[in-house]
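Any value given below was found using the heavy atoms of this structure, including those in side chains, with hydrogens, waters and symmetry copies removed.
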Amino acid sequence: MKFIDIHHDQWHTVGGEDGPVSHPPVKSNSLLTLAQWHAVREQWPAQTSPDYKPAGVLISNDTDIETIEADLPKLALVVLTFPKWVDGRAYSQAHILRTRYRFTGEIRATGEVLVDMMPLLARTGFDAVVLRHDQDRADAERALGFFAARGHYQGDVQVTKPVFGRAA
């Protein structure tokens, strides 16, 4: 799991004096809102293009993740939001991105991300997090190792079979 320090992040939102720019320029490591992405996605070069510039998109947890399915080959980052730690819809979004759409780019959790969420974040497909300001990175790293030795009974995005279906 990658822990993101927002003060040293390579990804940058595209805004102006009055908020997000409606038609942002094509620049590397642009982190765009869904509306911004929809405005420029036709002009954004694909990853196979020599003009490719890595792009990321911010998705709210009430957005149907299928709306970006066709755009995934152009995206290097999808940021999913936890507006409250008790709202787990972003777990489902990450799981869908990894299992149904085979998205291989970075999936980042942001918002109310707590240490207690770390194991489930990893199991559902997240590979980067921005912890809530009052959470400790060392505690989060320790939480990731709680079940590492024995594994989980159920399958997840990395090991899809339940324990009884795995080779001994």
Main-chain N/O of [Y] paired to [X] side chain as donor or acceptor, under 3.5 Å:
X: Lys74; Y: Arg41; value: yes
X: Ser49; Y: Asp51; value: yes
X: Glu112; Y: Val86; value: no

What heavy-atom pair brings [X] and [Y] nearest, and what distance separates the two atoms?
X: Pro83; Y: Asp87; value: CG-OD2, 4.0 Å
X: Leu144; Y: Ala122; value: CD2-CB, 4.0 Å
X: Leu75; Y: Gln47; value: O-NE2, 3.1 Å
X: Ser28; Y: Lys53; value: OG-CD, 3.2 Å
X: Ala143; Y: Pro119; value: O-CG, 3.4 Å
X: Pro45; Y: Tyr52; value: O-CD1, 3.2 Å

Measure the [atom1]-[atom2] distance between [X] and [Y] for me, rounded to the nearest 0.5 Å.
X: Asp71; Y: Thr67; atom1: CG; atom2: OG1; answer: 8.0 Å
X: Gln93; Y: Phe126; atom1: CD; atom2: CZ; answer: 7.5 Å
X: Asp62; Y: Arg89; atom1: CG; atom2: CZ; answer: 5.5 Å
X: Arg108; Y: Phe3; atom1: CZ; atom2: CZ; answer: 12.5 Å

Answer yes or no: is there a side-chain heavy-atom contact under 4.5 Å between [X] and [Y]?
X: His12; Y: Lys27; answer: no
X: Val78; Y: Ile59; answer: yes
X: Thr13; Y: Gln36; answer: no
X: Asn61; Y: Ser92; answer: no
X: Val113; Y: Gln135; answer: no

Item checked: For Leu77, the rest of its hydrophobic cluster, which grows through side-chain links under 4.5 angstrom -> Trp11, Leu31, Leu58, Val79
Notebook entry, point to check: Which residues, ordered by chain and number, are linked to Ile6 in its hydrophobic cluster, where ILVMFWY side chains connect at heavy-atom gaps below 4.5 Å, directly or through other members?
Noted result: Ile4, Val130
Item checked: Arg137 and Asp5: CA distance, side-chain angles, deciding distance, side chain to side chain contact (heavy atoms under 4.5 Å, CB included) verdict -> CA-CA 10 Å; Arg137 178 180 173 161; Asp5 176 358; over 6 Å; no
Checklist line | Option from Val57, Leu121, Thr63, Ile65 for which side-chain contact (heavy atoms from CB on, under 4.5 Å) with Leu80 holds | finding: Ile65
Margin query: Tell me which one of Thr104, Asp127, Thr124 satisfies side chain to side chain donor-acceptor pair (under 3.5 Å) with Arg98.
Written below: Asp127
Next item on the list: For Glu66, enumerate each residue passing the side-chain contact (heavy atoms from CB on, under 4.5 Å) test, keeping only those at least two apart in sequence or located in another chain.
Entry: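 Here the qualifying residues are Asp64, Ile96, Arg100, Tyr101.
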Next item on the list: Anything under 30° is parallel, anything over 60° is perpendicular, the rest tilted; go ahead and classify Tyr91 against Phe82.
Entry: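 Rings of Tyr91 and Phe82: perpendicular, as their planes differ by over 60°.
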